[in-house]
Trainee: 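Handing you this structure, nothing more for now.
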Amino acid sequence: MPDSPETTRYEPSRAEPEVFARWEDAGVFRSDPADDGRETFSIAIPPPNVTGALHMGHALNGSIQDALIRLNRMRGKNVRWTVGTDHAGIATQTKVEQALVAEGTSREEVGREAFLERTQAWRQQYGGTIIGQFRRLGCSADYAHERFTMDDGYVEAVLKVFVALYEQGLIYRDTYLVNWDPGSRSAISDLEVEDREETDTLVEIAYPLKEAVGDLTEVVVATVRPETMLGDVAVAVNPQDDRFKHLIGSTVVLPFVGRELPIIGDDYVKTDFGTGCLKITPAHDPNDFELGNRHGLEPLNVIGEDGRITGGYAPQFEGLTAAEARTAIVDALREQGAIRGEEPYVHTVPFSQRSGERIEPLISLQWFMRMDELAKPAADVVRDGRVRIHPESQSRRYLAWLDEIRPWVLSRQLWWGHQIPVWYRADEVYCGTTAPEGDGWERDPDVLDTWFSSALWPFATLGWPEETPELEAFYPTSVLSTARDILFLWVARMVMTGLRFAGDVPFTDVYCHSVIQAPDGRRMSKSLGTGIDPLDLIDGGPRPAVFAKKGKKGKLEDPGDFPAYGADAVRFGLLAMSSTQDVRFSEEKIAQGKQLTTKLSNAVRFAVGRLEEHLEGAAAGVTGETLPTRLEDRWIVSRTERIARETAQRIDEFDFSKAALGLYDFVYGELCDWYLELVKGRDAATDPDLARVLGWALRRTLQIAHPVIPFVTEESWSTLPGAEGLLAVSPLPATDDALLSSDAEERLGRVIDVITTVRSWRNGANVPPGPVLPVRVEAEGYDDEALALIARLARLESSTDAGDAVPVAIPGGQLAILAGEHVDPEAERARVEKRRAEVEQAIASTEGRLSNEKFVSRAPAEVIAAERAKVDALREELRTL
RNA sequence: GCGCGAUUAGCUCAGUUGGUUAGAGCGCACGCUUGACAUGCGUGAGGUCACAAGUUCGAGUCUUGUAUCGCGCACCA
């Protein structure tokens, strides 16, 4: 809706892009590594997936980091916020492959080189989306230094680290059982596997003994994966198991294949599970692999990289997928009469987070990284506090993971990524940052796990391995803010590489933010229909059904669209939602943010109206030496100073919810509801303190609110007399205890109490809020100044009239209000009765406590005194009723 | 299975080292065309603080147990 003379409301959709342009034109986001003695504050953004679009987690994390960055920029620190994107090997490759398939071709057909060119082009076209979205959110990052995990300098860093770790013996090539993802046709790391519960069938299969042992002609094994039996190399029993231990050393014959399998003894076999006899398939089961190694058994591959039966041991099953083979094998066994039992069995099964397909453990030749040597220093820096993890509970998870660290499978059978810098020629192996001299060398076709390059992010983005001024100035970074789920995948590995290659921890504080769930408690996800695009909140957009507002009487409302809340509101809402644990998305919090922005801009408009003819006064400000004298002025100065300190401290402590909600409470509950109302009776022309204090209080409020709601504060700042330059770079004044006044806070607190009491009385006694009523003040502790404030906002006027009055209890006495014909006797009597019952009950409970001998003898004196004071006050009030 | 965390108003959440009559926002009810704001203002109703036992003069807060939910980690075919 366009502005019109009637609607001067603040419109985020109009103001926010303008304000952002103002910041960029002024270059306030740009970092400068100049060593000018200033303290530095730096953050490296967790690089989002280059294929991705902004989701709620990015928006929350962007809001968090920007709040930290803006606060510290206004403190005068030399600030650097590095942004960029991650090449996201599998995700990106998949997208481009899909496009090729849609065109009727494939990556194999176009070849590696063309495929990579195609992928680069794709990234150029779509890779910028998410960074643009961060800008829309108001993130004040140093966009001029945007990085990508495959840009030239970054590649150099990755190669250098790989070669160094190879030379140090930490990176090696080995044949090992890995998590094979048939979907992406690549090995993946343990951390990319997720377990899901599946109902399979536990099948009991008879393997005939080659020679009967006594009466026994067969052993029965139990398995959920009969299709792997073609690769069986042994049957194991527990050597303590009296049923079977005498079979150790005997031989069984594998159905279909005819292979002779030894019966071996191993403690690993549970006697109370299944049949007590375990078939051993080292090539396709992690436990069997280890057991096979212990017994010197040779693994036999029967499932290939395509997830199909291979090996040629049983031609009738060759080429079937694992799932098909399972059915076929069980059917064939059933025909042979070899099935001894079948029962449903619920267990957890590994799936690829990448492709969603079931993991096939396969033996293959891969590059690995030994982690034990790197883990210890990474654990030490957390134990000794050089890296602090917030909330603290997460550091226990971090340490527990490092304690049980396993080698990391580095190689991925992909094309998009950092190709492994190793070349082979016959038996020769060469590892180096450039190709070896001579003919006949062939480079390893695999690429590195994307997280290998991500692990270098905090220093590679600052120019490492060059010794750049940026690296000197901004490393170690200050804070890393991220979701918990990549604490291991990423954070721990950054600590390891940072310590080893950049000579220091990569950051001093790690903040693990909440995961925002859908309102029904499920995870936010596009496929579930529980995700929302933050841009749809900012600029308006479709509201998915689970986000529908609850109608009256539980009726489902048409979800409709989100209104355009604006970036400030979304930032506020996300910060207000966040917590030390996961939270549900709450549109109300976003709406609260919208209200705050509207309220604040209205408050500024009010102030501008009062100040525009008193510019000099408005600009003068308030210091400890130039304190105002009036009660409400001293109060707002003290309250503003306090909230400014609290808010900054809460942001520093990563308590974003309290920071945001505290600002809301202050702006609504103190600045607007009280201060602005209290000063409305004053005239700036004759009252120089008014312009001075009003201008100061609003400027300070805009400053301290700016890290949370940067747009509306900047826009308002530009209209406010006495505010110079851009708010984003306006220096925060040092804290000054002289601005605080507990006395003014207490005295004005009483004024507020009395006004509220009178309003409440009016409402309960059916006295209209409008008319100004005469009152006899029969109470101690109120000076003329306080009484004048009370009179105006409670709509009372002092009187000496001795007529009939309604007594209203206030601290220190009562107000005798001459309500005349306004009072509704019935309502008044009901009010008094109700209140009398409450007060009597409170007196009874308090006196009960005070007459308890043990309470009086054991409770601290101040608690007893408070109870006595309470009972006195209640008795006083009862007297007026 | 082991570990961590949660359970407070209809909804989403605060609640400091145990100490008044447990708070906020939204929603709800009533009132208000008060000069920044009706996307506003004022007032109010609404809670056995999951359950049970214990410690204490006193427990939403501390201890133990139970239930429900969530999240990690480990998993036996």
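Each chain gets a letter, A, B and so on, in the order the sequences are listed, and its residues count up from 1.
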Trainee: Could you tell me which residues satisfy salt bridge (Lys or Arg N to Asp or Glu O under 4.0 Å) with R642(A), sequence neighbours excluded, listed by chain and number?
Mentor: E745(A)

Trainee: If the condition is salt bridge (Lys or Arg N to Asp or Glu O under 4.0 Å), which residues does D200(A) pass it with, not counting sequence neighbours?
Mentor: R326(A), R358(A)

Trainee: Taking only residues at least two apart or on different chains, which pairs with a member in residues 583-594 of chain A satisfy salt bridge (charged side-chain N to carboxylate O under 4.0 Å, His left out)?
Mentor: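 Only R543(A)-E587(A) qualify under salt bridge (charged side-chain N to carboxylate O under 4.0 Å, His left out).
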
Trainee: Taking only residues two or more places apart in sequence, or in another chain, which ones meet Y345(A) in a ring pair (Phe, Tyr, Trp, His ring centres under 6.0 Å)?
Mentor: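 Y345(A) satisfies ring pair (Phe, Tyr, Trp, His ring centres under 6.0 Å) with F273(A), H347(A) only.
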
Trainee: Taking ring pair (Phe, Tyr, Trp, His ring centres under 6.0 Å) as the definition, give me every residue that meets it alongside F666(A), ordered by chain and number, with sequence neighbours left out.
Mentor: none

Trainee: Sequence neighbours excluded, which residues qualify as ring pair (Phe, Tyr, Trp, His ring centres under 6.0 Å) partners of Y664(A)?
Mentor: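 With sequence neighbours excluded, Y664(A) shows a ring pair (Phe, Tyr, Trp, His ring centres under 6.0 Å) to Y668(A), given in chain and number order.
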
Trainee: What pairs with E797(A) under salt bridge (Lys or Arg N to Asp or Glu O under 4.0 Å), at least two apart in sequence or on another chain?
Mentor: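 Partners of E797(A) under the salt bridge (Lys or Arg N to Asp or Glu O under 4.0 Å) test: none.
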
Trainee: Which stems does RNA chain B form, counting runs of 3 or more consecutive Watson-Crick or G-U wobble pairs with both distances under 3.5 Å?
Mentor: B:1-7 with B:67-73, B:10-13 with B:23-26, B:28-32 with B:40-44, B:50-54 with B:62-66

Trainee: Between the protein and nucleotides 43-49 of chain B, list the N/O to N/O atom pairs that are separated by less than 3.5 angstrom.
Mentor:
residue, atom, partner, partner atom, Å
U43(B), O3', S760(A), OG, 3.3
U43(B), O2', N763(A), OD1, 3.0
G44(B), OP1, S760(A), OG, 2.8
A45(B), OP1, K834(A), NZ, 3.4

Trainee: Using the side chain to side chain donor-acceptor pair (under 3.5 Å) rule, collect all pairs that involve residues 760-770 of chain A, keeping only residues at least two apart or in two chains.
Mentor: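 Qualifying pairs, neighbours excluded: W761(A)-E828(A), N766(A)-D824(A).
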
Trainee: Just the table, please: protein N/O against nucleotides 58-63 of chain B N/O, every pair under 3.5 Å.
Mentor:
none

Trainee: How would you list, by chain and number, every residue that makes a ring pair (Phe, Tyr, Trp, His ring centres under 6.0 Å) with F289(A), sequence neighbours excluded?
Mentor: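 Residues passing ring pair (Phe, Tyr, Trp, His ring centres under 6.0 Å) with F289(A): Y176(A).
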
